[in-house]
Amino acid sequence: MINKILFKFGATEDQPPLNLEVTPITVFVGPNNSGKSRVLIEIENYCRRTMGQPNDLVVNQLELMPYSKEDIESEISKIEQTPKLGEAINPGHVILGKLNPQNNQMYRAQVNKEGLVQEAQNPNQRQGHYASFLGIYTVRLDGTNRLNLLNEQEAGDLQTTPNNHLAHLFINNDLRQEVRRIVHDAFKKYFVIDPTKIGKLRVRLSDIEPKNEREEKGWESDAIEFHRNAVEISDASDGVKAFTGIITTILAGDPKVALIDEPEAFLHPALSSKLGKEIATSLKHSRKRLFVSTHSASFLMGCIQSGSPLNIVRLTYNYNPPTARLLPQEKLLPLMRNPLLRSTGVLEGLFYESVIVTEADSDRAFYQEINERLLANNDPRGIASCLFINAQNKQTVWDIVKPLRELGIPALGIVDIDVLKDGGQEWSKPLKGAFIPEISHTSLHDQRQSMLKAFVDTGKDMKRDGGISVLSGGEKEACDNLFSQLKEYGVFIVPNGELESWIKGLGATGHGSKWLIEAFEKMGESPDEADYLNPGADDVWNFIGEAKGWLSDPNRKGIPSS
């Protein structure tokens, strides 16, 4: 029903607003408070009114999909209701009705049939007839109502078109078998519909598959015994209810526009992935439209693995300016397939405002703890909504930074000062990974070589003997200038050498994990302890503050515009 979404903003301040051609599935990702839930509400409101609202923050306009005269008349016939006794019908009008699983209420609306048929053929020339029809077929599921999707429902008149998704499943054996397959794959239980409470339909989960259709759908003693031994879905866990409810609603509820906020709620990662793959597969060749707001890399991976047409839009409403960026799948696939990237959980970066990548796990743990203490003290140098991840060494830092920046995610790398020892292609990796203009590479190669010579001439170890402080005069100034130039592109080199050079006053010794364990012990665990280390005025605290400066700068260098 929706062809395009025109947003109020684009990938960057100087880019035009995103004009999204809608596919069967659109997944919205981004950090907390980025507008992911808001965009679902605005799309829902637009569908129910076929127009935007003055207070819309994300969506500017929807372009609706036209129906042929034959198609819209067929759709009307599926939900046309018989008037109730004494119900007045205006000339040329029909009553449309359908159970809305969003609130488990029957929705009925009287509409001018000819006006609806005409407007459905030209839905973007709105006269008010189309809104009732589109509203009937629009469903938004959130963390609360998804647990009630499988409450018992009226069986209704099975001789007519089913008016709820359980009745539809009860009649449609093939569709019920598909739901049963999916649920059994997930929970090793068989999804069945129990009609033995006369006039009602209930979902149960059985340890054994029904022998035949009659055992599941009949009222004989065998059927009664079969359902007695199965568990009502109302007694299942929230995860089972949420997963099964979403699957049945998408497959059998027949929403033309479905909106799901955080489908991963109540589900562990493997189930989130399966849910994403199954619902995306079910819509692969459909004209239906599913819009999802998620904070789950597992759910997103499931959608991508389905092979279904898919849009992934990253929103960052908290930024100034806010952004809406379409993420190309060809740039996301390496994050899923590359063993290094997959093992670091780099895809989680889609759901944070920024990412910091370090050389090793000890570096990640230390810098993350420093940032946590800054945030706990409400220190302005603290970086909110920042994901810290580690590479395997200083070279692979940029294998992580580069693809994240290609997706518009501010990602910086922190490396020890011995990165200056890496010449040739190794030195090119941070330059290319940080998107430093190619024309500057020759100069930076020359500066690196000069700095390395200056360090060697001192006869000291640049990494362990004090870093930049072992230089003096013009050489020290030149090195400082080089590091400042690299910082402008989010390449952060530890100026005093290495991880273990920070907070010398602690007296921690050793290297790597040994140093980290001792440092953490000396830093204290609770702010109430006398020896607890609070943020200081300089040292690593300022280093993280400088990182925040780059990450929060809307005019930061090193992020490609598209």
Side-chain angles (χ1 to χ4, degrees), residues 1-65 102 123-124 126 131 134-135 137-143 145 255-265 288-296 299-300 303 310-328 332 349-354 384-385 407-410 552 554 559 561-562:
M1 285 186 167
I2 300 174
N3 267 345
K4 291 183 179 180
I5 301 177
L6 180 62
F7 290 81
K8 290 182 178 287
F9 35 79
T12 60
E13 187 174 18
D14 57 352
Q15 294 287 311
L18 177 61
N19 191 354
L20 182 70
E21 292 192 12
V22 176
T23 52
I25 304 113
T26 300
V27 180
F28 296 103
V29 300
N32 291 330
N33 301 314
S34 63
K36 301 191 300 297
S37 297
R38 176 78 188 197
V39 72
L40 298 187
I41 294 171
E42 292 184 9
I43 292 172
E44 179 192 18
N45 290 339
Y46 205 106
C47 289
R48 298 196 186 284
R49 299 181 177 90
T50 63
M51 64 180 67
Q53 301 299 299
N55 62 343
D56 285 347
L57 302 175
V58 184
V59 175
N60 188 34
Q61 186 176 354
L62 297 187
E63 179 183 296
L64 302 178
M65 180 188 301
Q102 184 170 333
N124 298 300
R126 301 176 181 90
L134 187 56
Y137 278 113
T138 298
V139 173
R140 181 168 64 88
L141 305 179
D142 58 26
N145 61 29
K256 308 296 186 188
V257 178
L259 307 112
I260 310 179
D261 195 3
E262 296 191 352
E264 68 275 10
K288 299 177 182 179
R289 296 292 182 256
L290 172 65
F291 300 93
V292 176
S293 161
T294 184
H295 204 83
S296 167
F299 178 86
L300 178 61
C303 290
L310 174 70
N311 282 325
I312 302 166
V313 177
R314 186 171 191 267
L315 300 175
T316 57
Y317 192 78
N318 265 0
Y319 284 5
N320 186 20
T323 64
R325 179 188 290 250
L326 178 64
L327 306 183
L332 277 170
L350 295 176
F351 308 102
Y352 289 80
E353 290 185 6
S354 57
S385 186
L407 297 173
I409 301 169
S552 60
I559 305 291
S561 60
S562 61

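Taken from CZ in Arg289 to CG in Leu62, the straight-line distance is 12.0 Å, to the nearest 0.5 Å. The line from CG of Asn32 to OH of Tyr352 is 8.5 Å long, rounded to the nearest 0.5 Å. Ile41 CD1 to Leu259 CG: the interatomic distance, rounded to the nearest 0.5 Å, is 10.0 Å. For the atom pair Leu300 CG and Ile312 CD1, the distance stands at 4.5 Å (nearest 0.5 Å). Taken from CG in Leu134 to OH in Tyr46, the straight-line distance is 10.5 Å, to the nearest 0.5 Å. If you take NZ on Lys256 and CE on Met65, they are separated by 10.5 Å, rounding to the nearest 0.5 Å.
Scanning both residues, Val58 and Gly35, for their nearest heavy atoms gives CG2-O, 4.4 Å. Residue Phe9 comes nearest to Ala324 through the heavy atom pair CD1-N, 3.6 Å, listed as atom of the first residue, atom of the second, then distance. Smallest separation of non-hydrogen atoms from Leu141 and Val139: CD2-CG1, 3.6 Å. Closest approach of Thr316 and Pro31 over heavy atoms only: CG2-CD, 4.2 Å. Nearest heavy-atom pair across Thr294 and Pro263 is CB-CD, 4.3 Å. Asp261 and Ser37 make their closest contact through OD2-OG, 2.9 Å (heavy atoms, listed as atom of the first residue, atom of the second, distance).
Checked options Ser34, Ser385, Ser552; the residue passing with Glu353 is Ser385 (criterion: side chain to side chain contact (heavy atoms under 4.5 Å, CB included)). When Leu326, Leu327, Thr323 are each tested for a side chain to side chain contact (heavy atoms under 4.5 Å, CB included) with Arg314, only one passes: Leu327.
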Show me the donor-acceptor pairs, under 3.5 Å and distance only, between side chains in residues 17-30 and residues at least two apart or in other chains.
unit_1	atom_1	unit_2	atom_2	d
Thr23	OG1	Ile25	O	2.9
Thr23	OG1	Asn311	N	3.2
Thr23	OG1	Asn311	ND2	3.3

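Judged by distance alone, the side chain of Glu262 and the main-chain N or O of His295 form no donor-acceptor pair under 3.5 Å. Between the Glu44 side chain and the Arg140 main chain, no donor and acceptor come within less than 3.5 Å of each other. Side chain of Glu264 to main chain of Phe299: no donor-acceptor pair is present (N/O by atom type, distance under 3.5 Å, no hydrogens or angles). Side chain of Asn45 to main chain of Arg48: no donor-acceptor pair is present (N/O by atom type, distance under 3.5 Å, no hydrogens or angles).
With sequence neighbours excluded, the residues that form a side chain to side chain donor-acceptor pair (under 3.5 Å) with Asp14 are Thr12. Residues satisfying the salt bridge (Lys or Arg N to Asp or Glu O under 4.0 Å) criterion with Arg49, sequence neighbours excluded, are absent altogether.
Using a 4.5 Å heavy-atom threshold, the side chains of Glu42 and Leu57 count as touching. Looking at heavy atoms from C-beta onward, Phe291 lies out of side-chain contact with Val39 at the 4.5 angstrom threshold.
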